[in-house]
Amino acid sequence: MRKRDVLAASGLALIVWQLIAMLVNRNILPQPVQVAQSLAANFGEIGGHFVASALRVIVSILIAVALAVPAGLGMGQIASLNRFFSPFVYIIYPIPKIVFLPIILLIFGTSDAAKIITIVLILFFQILVPVRDDAAGLRPELLNSVKSLGAGRRALFRFVYLPASIPAVLTSVRLSIGTAIAVLYITETTATRLGLGYYIFYTSSTLFDYAATYAGAVAMGVLGLTLYFFTDWLEHRLCGWKFAA
Amino acid sequence: MIEFSNVTFAYPHARPVFDRFSWSIGRGEAWAVIGGSGNGKTTLLMLLAGLRAPTIGQVLIDGAALARPRPRTGLILQEYGLLPWATVAQNVALGLRVRDYYGPDGRHAPIEHVLGPIDQRVDPWLKRLGIDRVRDRFPAQISGGQRQRAAIARTLVLEPDLLLMDEPFAALDAPTREDLQNLTVELQREQDLTLVFVTHNIEDAVFLGRRILVLGQPPHTAPAVIDNPSAGSLTYRSQATFFEMCARVRESLTQYSLLVGPHA
């Protein structure tokens, strides 16, 4: 995505927002200027919530990648492992894991752990499946020719399976960022006083300060967009070969 | 150097491809293996490479039974052998990096393997094979001939004594193909390689194989060999004996009641 196009789209969205806000003319839809003022006035407070939310979602993504990539590579490489675990993945995958949130809260209490575990649970499967399928789909010609260079299982993992999985990991992370932040919001509306989810929920349902609510939402959008851009940048850096041809 | 001793090989739930098959290859010999699809050419090469094991019998190299890929055997396949995410130079360096990764353990790398600067060993081969200009490109950005040159460089940088090639030129156009045939002949002589070149193409086989193993319908019980002493000269392609030999090989392929493809 070109920077210029992204900026133009953002500008256009702001104009449309401004026009609709002027038309509707009610406090539940404040104008961008009012939101910007609120954002500036509460910058320190929102910044604190932003950092808390960002840490939770980044740690969750890192943990999910660290768990799902080896599991996916293992299942993709070792047929017996795949035969055993695939049916479990198949039945668990479509369950909306967010419904376990109350149970996770019961077990882990109001800590960050409960929120992180919920997000990890969802991301884990979204990363596992494409990594597994990519590993299983590697051409035997490629594997044989690397084996013929002396590679055993460890070197195949290091020089073939691991680099081959990077595009799948980054794609699934990029696609999961939206979900991760949606789940983050839900987890932060309960049992915490820190995080953008809490801020958005609290300013709208208790304070009725809608400009602040929108400021929180904008901050959450910025968080998502930043993570998205970062993943995009990583993909271009690490998977240059996909864009070169 | 290589000894097939009463080798029987069958895929699960199938008739054997080789049945008590004995065959031997001397050091420095250039062999071509020719036959139609499904006649066991690639199976033979996988057995030679140690990527498949005989059901019964043994494949011996220098007297030792082959149980796994051997560090000094080089294998070059038709396509897809290069890592798509690595540049030409990185692909050529791959075998050296694998060896450095394990160290000289005699299993994955020869005992005499020396750890050392990889570039110094890769660069001469990139130059020798004329691909130093594309060293920083990815496989998808170069031609089929250049990809095959990169695959050859990657194998030869490991200083193999046995080179196995599986239809390496099948996907190439005629001039590139002849060019790489010439290169293979030169390198085989230059490096004193034992060469086993698997193909379904008669010209490939006659140009490269001083001895030609004809694989008819499996199961194979004894090798059918045609001697082709003139192979290995770059001018052979335009000599009358070349065409006579092609006719002879074609005849023996028909004799084994083979269906051969349009290239043959």
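Each chain gets a letter, A, B and so on, in the order the sequences are listed, and its residues count up from 1. From a predicted model like this one, the values you see are computed outputs, not experimental measurements.
Ring geometry for F197(B) versus F169(B): interplanar angle of 30 to 60°, hence tilted.
A salt bridge links E186(B) with R128(B): at least one charged nitrogen is closer than 4.0 Å to a carboxylate oxygen. A salt bridge links R27(B) with D62(B); the closest basic N to acidic carboxylate O contact falls under 4.0 Å.
Looking at L158(B), the atoms closer than 4.5 Å to chain A (heavy atoms on both sides) all sit in the side chain, from C-beta outward. Residue contact with chain B, scored on non-hydrogen atoms closer than 4.5 Å, involves the backbone and the side chain of R154(A) alike. Interface remark: R107(B) contributes no atoms to any contact with chain A (heavy atom separation under 4.5 Å). Proximity to chain A involves both the backbone and the side chain of R154(B), based on heavy atoms less than 4.5 angstrom apart. Using a 4.5 Å cut-off between heavy atoms, P71(B) does not touch chain A at all.
In terms of heavy-atom pairs under 4.5 Å with chain A, the best-connected choice from Y101(B), Y102(B), W85(B) is W85(B). In terms of non-hydrogen atom pairs under 4.5 Å with chain B, the most contact-rich of V160(A), V146(A), I166(A) is V160(A). Options L75(B), T155(B), L164(B) differ in how many heavy-atom pairs under 4.5 Å they form with chain A, and the most are formed by L75(B).
Put simply, the residue from V59(A), T187(A), V57(A) that forms a side chain to side chain contact (heavy atoms under 4.5 Å, CB included) with I116(A) is V59(A).
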Check: residues 62-82 of chain A side-chain donor-acceptor pairs under 3.5 Å, at least two apart:
unit_1: N82(A); atom_1: OD1; unit_2: S86(A); atom_2: OG; d: 2.6

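Taking the six-membered ring for Trp, Y161(A) and F159(A) have ring centres at least 6.0 Å apart.
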